[in-house]
Number of protein chains: 2
Amino acid sequence: MDVRGPIGRDSETCQLRDVLDRVGDKWSALVMALLGQGPRRYSELHRAIEGISQRMLTLTLRGLERDGLVIRTVTPTTPPRVDYALTPAGRTLSIELASLIRWAELHREYVTESRRRYDEREALLKTGA
Amino acid sequence: MDVRGPIGRDSETCQLRDVLDRVGDKWSALVMALLGQGPRRYSELHRAIEGISQRMLTLTLRGLERDGLVIRTVTPTTPPRVDYALTPAGRTLSIELASLIRWAELHREYVTESRRRYDEREALLKTGA
DNA sequence: CGGGATCCTGGTAGATACTG
DNA sequence: CAGTATCTACCAGGATCCCG
């Protein structure tokens, strides 16, 4: 990001951007959530997270590893074996994510219904006008 | 999103994607955080969130309103006055975001240091090789 | 003042092929 | 098995102009 000015200088909202930049992308939070259930091999992750490409899985894991949230362990057998696990810091973040999941569960219907009604009013405005 | 398969069918991780799709974009979480401090006029938001365009502010507010997280109040004076505030559901989400902010504050230095060391090792590998 | 409409760009992610 | 390399497409988001 690159937000300056009032809210950019506000340390609270700035940190919010930091953490969202970290886990707000398409796959990071999913990987974190999965690793929250325990260590996984590369291929296990690839199979578990359907739809992710090898490229994106690698990129995502590298990013999380770089930030110290995930640790990568190579066992140099043939064929090689690579395990990924959360670090202690990663585990605390995955707990925050679990909290977000609970929010989503509690408000799923409310949000769906809100959207339905909003779209309905929208449609009426177009038809009526 | 459009994730199917193992993790796509897992309701937990699926809901995680829902909520991240909602506040994981560039501005939504920032707007929610700001409105968490109290109602704001359109122009106040525009000035407070430096760097946001009118288009994106409008789009972001519409999205949050559609999801029932923000409420829009028009006072038909001349010139018109429009206020935005969090709904009760929006307030609960902003509390979750505050929790994420605390995580970021606690781990800011750790993440920065992790990155520095990761990049340093990277550089060594390239120079050494 | 508070937007809507339109056009355009850049970065993120997908597809595919190859490798130690 | 666990990646890397390359190429492409798509769309979130920015810039600009206009309007009630």
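Because the structure is a prediction, the values reported are computed rather than measured.
Remark: C1' of D:dC1 and CG of A:L45 are 13 Å apart, rounded to the nearest angstrom. Across the protein-nucleic acid pair, A:D21 atom CG and C:dT12 atom C1' stand 13 Å apart, rounded to whole Å. The CG-P distance, from A:L125 to C:dG3, rounds to 15 Å in whole Å. One atom, NE2 of A:H46, and another, C1' of C:dG14, lie 12 Å apart when rounded to the nearest Å. Taking atom CD on A:E44 and atom C1' on D:dA2, their separation rounds to 13 Å, with Å as the unit. If you take NZ of B:K26 and P of D:dC11, they are 19 Å apart, rounded to a whole angstrom. Between the CG atom of B:D83 and the P atom of C:dC1 there is a distance of 14 Å, rounded to whole Å. In this structure, CZ of B:R47 is placed 11 Å from C1' of C:dC1, rounded to the nearest angstrom.
Contact of the A:I71 side chain with the A:L86 side chain is not registered, since no non-hydrogen atoms from C-beta on lie closer than 4.5 Å. Within the 4.5 Å cutoff, the side chain of B:V70 has no heavy atoms near those of the B:T87 side chain.
Taking side-chain N and O atoms only, B:S53 has no distance below 4.0 Å to OP1 or OP2 of D:dA15. Listed pair B:Y42 / C:dG4 fails the phosphate criterion, with no side-chain N or O lying under 4.0 Å from OP1 or OP2.
Proximity of a side-chain donor or acceptor of B:R17 to a complementary backbone N or O of A:A29 within less than 3.5 Å is not detected. Counting only distance, with no hydrogens or angles, the side chain of A:Y110 and the backbone of B:G68 share a donor-acceptor pair below 3.5 Å. The main-chain N or O of B:E105 is found under 3.5 Å from a side-chain atom of A:Q15 such that the two form a donor-acceptor pair.
Remark on DNA chain C: of its neighbouring residues A:D25 and B:V82, the 5'-side contact belongs to B:V82, judged by nearest-heavy-atom nucleotide.
For the contact set between residues 54-65 of chain A and DNA chain D, defined by any heavy atom under 4.0 Å, the members are A:Q54, A:R55, A:T58, A:R62.
Side-chain contact check for A:T73 and A:Y84: no donor-acceptor pair (N or O, by modelled atom type) lies under 3.5 Å.
If you check C:dA13, D:dG20, D:dA2 against the side chain of A:R72, the one that comes closest is D:dA2. The side chain of B:P80 has C:dC1 as its nearest neighbour among C:dC1, D:dC1, D:dG14.
Put simply, the residue from B:L69, B:L61, B:V23 that forms a side-chain contact (heavy atoms from CB on, under 4.5 Å) with B:V31 is B:L61.
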